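Down below is the structure, laid out as structure tokens.
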Amino acid sequence: MNQAALILLLAIGGGGGALCRYLLGLLVMKKFPTPRIPIAMIIVNSIGSFGLGVLYGSLDTGNLYNHALFVVLGLGYFGAFTTFSTFSVEAVQLVIDKKYQHAIIYLSLSLCGSIMGFLLGYYIN
């Protein structure tokens, strides 16, 4: 597949992932309007890591950056669905607000949830 087609797939996947992250975040925030920790991003990042693990575990891991399915789903969709930048902002905000215990819980759940989600997805193949 040529580079222009891969870039188009990346953009389509990224748009879909960003939209799904936003909608799932709204849904979670509606269910939990005043959480002590940013539960929406923990859920989004854990689900996204699980999905990426499923995808990664099902593909030949040779040159993934030229594999159309990995580009559209792995880099595009799951890359835009998960968000390290929002995770960072929310973690820092908890520290700025001196909610240190909440920050530690958020950091722990986010990191463990994402890594465990990926591993679970990877090993179910």
Side-chain angles (χ1 to χ4, degrees):
M1 181 169 283
N2 70 40
Q3 197 66 27
L6 287 174
I7 290 170
L8 180 60
L9 287 175
L10 178 68
I12 291 168
L19 179 62
C20 288
R21 177 185 69 224
Y22 176 73
L23 294 174
L24 181 58
L26 288 178
L27 180 70
V28 171
M29 288 187 297
K30 195 174 209 175
K31 275 260 199 229
F32 305 98
T34 55
R36 293 179 185 215
I37 59 172
I39 191 76
M41 283 305 103
I42 293 171
I43 291 169
V44 163
N45 287 335
S46 297
I47 290 171
S49 294
F50 172 79
L52 186 59
V54 169
L55 177 66
Y56 187 81
S58 68
L59 296 174
D60 173 23
T61 57
N63 189 355
L64 290 175
Y65 290 90
N66 288 326
H67 193 292
L69 189 59
F70 185 76
V71 170
V72 71
L73 292 178
L75 298 177
Y77 183 83
F78 291 119
F81 183 76
T82 58
T83 172
F84 196 76
S85 56
T86 301
F87 158 76
S88 301
V89 168
E90 291 173 338
V92 168
Q93 190 59 54
L94 288 169
V95 172
I96 289 170
D97 293 344
K98 298 183 177 157
K99 297 179 179 178
Y100 303 117
Q101 187 175 9
H102 293 129
I104 290 169
I105 292 167
Y106 179 59
L107 289 167
S108 300
L109 289 174
S110 294
L111 293 174
C112 291
S114 294
I115 292 169
M116 295 303 293
F118 181 88
L119 289 172
L120 179 62
Y122 179 80
Y123 284 113
I124 66 169
N125 287 310

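Predicted model only: the values in this text are computed from it and were never measured.
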Point-to-point distance, once rounded to the nearest 0.5 Å, from CZ of F70 to CG of N63: 10.5 Å
Non-hydrogen atoms of A40 and V28 that approach each other most closely: CA-CG1, 3.6 Å
Spacing of CG belonging to L109 relative to CG belonging to N45, to within rounding of 0.5 Å: 12.0 Å
Shared hydrophobic cluster for F32 and I105 (ILVMFWY, side-chain gaps under 4.5 Å): yes
Could you go through residues 78-91 and list every donor-acceptor pair under 3.5 Å that involves a side-chain atom there, pairing it with any protein atom two or more places apart or in another chain?
residue	atom	partner	partner atom	Å
T82	OG1	F78	O	2.7
T83	OG1	S85	OG	3.4
T83	OG1	T86	N	3.1
T83	OG1	T86	OG1	3.0
S88	OG	F84	O	2.9
E90	OE1	Y106	OH	2.8

Atom of G121, atom of N125 and distance for their closest heavy-atom approach: O-ND2, 3.6 Å
Distance, nearest 0.5 Å, that separates CG of L119 from SG of C112: 11.0 Å
Nearest heavy atoms of A68 and L9, plus distance in Å: CB-CD1, 3.8 Å
Cluster check I39, F50: I/L/V/M/F/W/Y, side chain < 4.5 angstrom: no
Hydrophobic cluster membership, L107 vs I96, 4.5 Å side-chain cutoff: no
pair Y65-L75: side-chain heavy atoms closer than 4.5 Å: yes
Gap between atom CE of M116 and atom OG of S49 - 0.5 Å precision: 12.0 Å
hydrophobic_cluster_shared for I42 and L94, side chain cutoff 4.5 Å: yes
S58 side chain to L55 backbone, donor-acceptor under 3.5 Å: yes
Side-chain touch I47/L24, heavy atoms, less than 4.5 angstrom: yes
Side-chain cluster (under 4.5 Å, hydrophobic types only) that L19 belongs to, other residues: Y22, L23, L26, M29
L120 CG to F118 CZ distance, which is reported to the nearest 0.5 Å: 11.0 Å
Close side-chain approach of V95 and Y100, heavy atoms under 4.5 Å: yes
Path from L8 to L69 over hydrophobic side-chain contacts below 4.5 Å: no
Spatial distance of atom CG (N2) from atom CG (N66) [nearest 0.5 Å]: 11.0 Å
Crowding at CD, Q101 (>12 non-hydrogen neighbours, <6.0 Å): no
Atom of L6, atom of V71 and distance for their closest heavy-atom approach: O-CG1, 3.4 Å
